[in-house]
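Note that the structure is a prediction, hence the values are computed from the model and not measured. Each ligand, and each atom within it, is numbered from 1 in the order the structure gives.
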Amino acid sequence: MKLFLIILMCMSLLASGKVVGYERPSIYPKSGMYSLWVNSTAMQIVAYSGYDYVQLSMSEGYPTEFRLRVIPGGNVDSYNISPEKWQIKPKKDGKDLVFSVVDAHYLIITINGIKEIVICADPLETDVPPSSGPGIFNVLNYGADNTGVTLNIGIQSALDAAGKSPGSIVYVPAGVYKAGNLKVRSQTSLYLAGGSVIRNTGIKSDYTIHYNKTGLLPGTWWISTEFNSKDIKIYGRGTIDGQGGIGRVDNDFIADMVVPVDTAHFIFDGPLIRDSSFWALTPIQSTDVALKNVKILNRFDIGYEDDGIDVMESTNVRTYRAIAISKDDCFSTKTWPKDIGTTVPYPHDPMPLDNVIFDDCVAWTQCYGYKIGQGVYEDQSNVVFKNSVVYKGAVGIGIDHKFGSAKVSDVTFYNIEIEHISGLAGDKCSWLDLYIQQPGTAGAGPIEGVKINDIKVNSKGTQGAYIQGYNSANTISDVTLQNIYMLRQTTPAKTFAEMDITHMDFSSNVKIVT
Ligand SMILES: *[C@@H]1O[C@H](CO)[C@@H](O)[C@H](O)[C@H]1NC(C)=O
Ligand SMILES: *[C@@H]1O[C@H](CO)[C@@H](O)[C@H](O)[C@H]1NC(C)=O
């Protein structure tokens with residue numbers, strides 16, 4: 001296996017930056033829809049279910065040309081580039097759509113109405129470790145198979161060996177590694193080099209069953225931290241491939257991809273997660289967690305519950321620069337009861353959730369882009385969703401207080417652009433849904449204090465928005481709406497009717513601020 005990393009220096013007389021492309025792992029087919037050159041360097045696009053994608057890193061601060069070529073049919077006729085907020089102004093050049101950007105972005109583009117391509121451009125890596133040397137545990141030295149043929153024990157052997165030297169790094173070079181459960185040890189890092197793929201087999205007997213998801217399937221925490229750990233980092237530009245299509249559809253088995261659990265000062269920075277069969281990246285009962293440069297590319301054709309990031313019972317969690325594509329919710333927070341379904345393996349009694357921020361995210365879903373719920377069995381407070389975009393969703397932003405009787409308080413949705421709303425999540429289809437339910441005996445609880453500011457609602461959905469409590473004992477109170485721009489109006493909406501908020505029972509002190 002060769003080193004599958006192409007580094008290309010692109011120089012000019014005045015300024016020079018760097019573009020790093022990653023060779024398409026041999027297990028993935030090539031896109032038949034698009035080609036892409038970044039500053040004249042060819043990128044390798046992966047054909048995927050529902051959309052194609054490509055990953056690259058680039059220096060920021062210089063104008064960098066993206067030349068995207070549509071392969072089938074004629075010349076570029078129509079196109080769409082999301083997020084619109086970057087105001088990218090391309091030009092058509094025959095079969096090419098050409099544009100320049102100064103900073104790295106996650107973009108979702110279609111040309112002539114064909115399949116989307118997701119361009120995942122990250123800033124250059126800043127902390128690339130050497131592949132060998134003091135404190136580096138290269139998995140190839142622990143018998144890891146990088147050909148994708150046999151189920152690996154080498155990676156865990158390297159992780160265990162690294163665990164005996166705090167501060168060390170487990171290095172996974174380019175190649176394909178089939179892996180069972182992996183446990184990252186306290187005070188160590190796991191580095192996935194560009195071109196590496198850690199692959200779930202999708203076979204239940206290869207994994208520890210940690211829980212049975214009520215109403216779904218048995219599942220595992222695939223890659224997790226050890227309990228009572230600290231200072232763990234998972235980073236790099238490799239791929240974590242859940243093979244959800246095989247696991248879930250063919251073998252009745254689900255997996256969370258990356259599970260920081262009972263850990264402090266955890267960092268996830270850079271790897272691409274694809275085809276998760278269940279909630280993909282799930283901080284659980286952890287504190288001081290940073291999730292950066294996150295790319296979760298799930299499929300729309302293997303069923304619901306393939307959420308992007310679910311923060312559960314954790315405090316001080318910041319997600320920054322992320323794209324999540326999932327049939328179910330992209331970014332959400334939840335709290336749960338003890339020892340039921342997915343919480344059976346939780347190390348602690350149920351814990352509240354506090355101080356969770358999602359910043360600079362892109363959501364593409366058939367459910368909610370940004371959501372609190374449905375589980376609210378312990379209090380959830382100080383949750384902020386900001387500077388983010390919904391490319392497509394059934395609901396843009398919301399709180400679905402469905403299970404549990406605890407309180408949701410002090411929530412902010414700030415500077416969010418909602419591009420397309422369609423379909424149904426349950427019976428909801430709108431830009432905003434804040435509501436409380438009580439199915440069976442699961443309890444109901446209040447929502448207090450929600451600020452909704454600077455929202456561009458380019459598409460509002462078909463069912464009307466909700467700010468609706470359950471009954472007089474379980475209400476939604478103290479909500480402010482400010483600068484809500486409906487359907488590309490240049491002045492903010494002045495009434496609930498203009499905002500299409502049509503369900504407002506059991507709510508109090510809901511104000512439009514001008
Ligand atoms: C792309 O090319 C331009 C013009 O030569 C240069 O200024 C810029 O630094 C390059 N960008 C990158 C990321 O290499
Ligand atoms: C999951 O369900 C199976 C079958 O009922 C059972 O044998 C197993 O112990 C359960 N596992 C967990 C972790 O709850």
Side-chain angles (χ1 to χ4, degrees), residues 5-22 35-44 54-69 86 88-91 93 96-107 119-126 128 180-181 183 194 200 202-224 226-227 237 247-248 251-256 259 261-262 270 277-279 282 284-285 293 305 312 321 336-350 375:
L5 178 68
I6 307 165
I7 299 178
L8 290 135
M9 304 289 291
C10 301
M11 280 176 270
S12 78
L13 291 173
L14 297 171
S16 108
K18 190 166 139 182
V19 178
V20 180
Y22 303 98
S35 306
L36 173 69
W37 292 264
V38 178
N39 262 8
S40 308
T41 300
M43 298 290 129
Q44 304 210 5
V54 63
Q55 187 190 359
L56 61 115
S57 304
M58 57 181 267
S59 30
E60 300 189 288
Y62 310 101
T64 297
E65 184 195 79
F66 283 61
R67 177 172 285 272
L68 181 64
R69 179 166 302 167
W86 303 126
I88 292 169
K89 305 263 188 300
K91 63 175 200 289
D93 180 9
D96 296 354
L97 188 71
V98 186
F99 58 89
S100 174
V101 291
V102 169
D103 292 320
H105 296 301
Y106 300 143
L107 302 174
I119 299 177
C120 301
D122 285 307
L124 291 179
E125 289 178 87
T126 52
V128 181
N181 289 103
K183 191 169 283 182
N200 194 291
I203 297 169
K204 189 164 71 176
S205 55
D206 290 338
Y207 297 87
T208 302
I209 297 306
H210 290 109
Y211 55 82
N212 294 296
K213 165 66 180 166
T214 312
L216 194 58
L217 291 166
T220 195
W221 287 344
W222 179 23
I223 302 171
S224 63
E226 72 181 340
F227 291 163
R237 294 288 186 268
R248 180 156 168 182
N251 293 321
D252 291 339
F253 157 68
I254 56 174
D256 296 291
V259 184
V261 53
D262 193 20
S277 48
F278 193 50
W279 308 342
T282 59
I284 294 170
Q285 298 188 334
N293 303 317
E305 303 282 8
M312 294 179 286
R321 267 196 117 251
W336 295 119
K338 191 175 165 67
D339 278 341
I340 294 181
T342 54
T343 70
V344 167
Y346 282 26
H348 299 289
D349 284 348

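- In this structure, Ile119 and Leu36 have side chains that are in contact, with non-hydrogen atoms separated by less than 4.5 Å.
- Under a cutoff of 6.0 Å and an axis angle of 45°, Arg248 and Phe278 do not form a cation-pi pair.
- The closest side-chain heavy-atom distance from Glu65 to Trp37 is not below 4.5 Å.
- Of all the heavy atoms in Arg237 and Pro123, the pair that sits closest is NH2-O, 2.7 Å.
- In this structure, Asp96 does not pair ionically with Lys91, as no charged nitrogen and carboxylate oxygen lie closer than 4.0 Å.
- Between Met58 and ligand 1, not a single N/O pair is under 3.5 Å apart.
- Nearest to atom 13 (C) of ligand 2 among the protein's heavy atoms is His210 O, 3.4 Å.
- In this structure, atom 2 (O) of ligand 2 has a protein heavy-atom contact shorter than 4.0 Å.
- Looking at ligand 1, you'll find an N or O of Asn39 within less than 3.5 Å of one of its N or O atoms.
- The shortest contact between atom 10 (C) of ligand 2 and any protein heavy atom is with Asn212 ND2, 2.5 Å.
- Side-chain atoms of Met58 and Val101, non-hydrogen and from C-beta on, do get closer than 4.5 Å to each other.
- Counting atoms of ligand 1 from 1 in the listed order, those under 4.0 Å from a heavy atom of Val19 are 12 (C), 13 (C), 14 (O).
- Using cut-offs of 30° and 60° on the angle between ring planes, the pair Tyr207 and Trp222 is perpendicular.
- Under a 4.0 Å criterion applied to the non-hydrogen atoms of Lys18, ligand 1 contributes the atoms 12 (C), 13 (C), 14 (O).
- No part of Glu65 comes within 4.0 Å of ligand 1, judged by heavy-atom distances.
- With Thr220 as the partner, the side chain to side chain donor-acceptor pair (under 3.5 Å) test is satisfied by one option alone out of Asp256, Thr208, Asn181: Asn181.
- The Gly17 neighbourhood of ligand 1 comprises atoms 9 (O), 12 (C), 14 (O), with distances under 4.0 Å to a heavy atom of that residue.
- In terms of polar-atom proximity, Ser59 is not counted as a contact of ligand 1, lacking any N or O under 3.5 Å from an N or O of the ligand.
- Less than 4.0 angstrom separates some heavy atom of Ile209 from each of these atoms of ligand 2: 13 (C).
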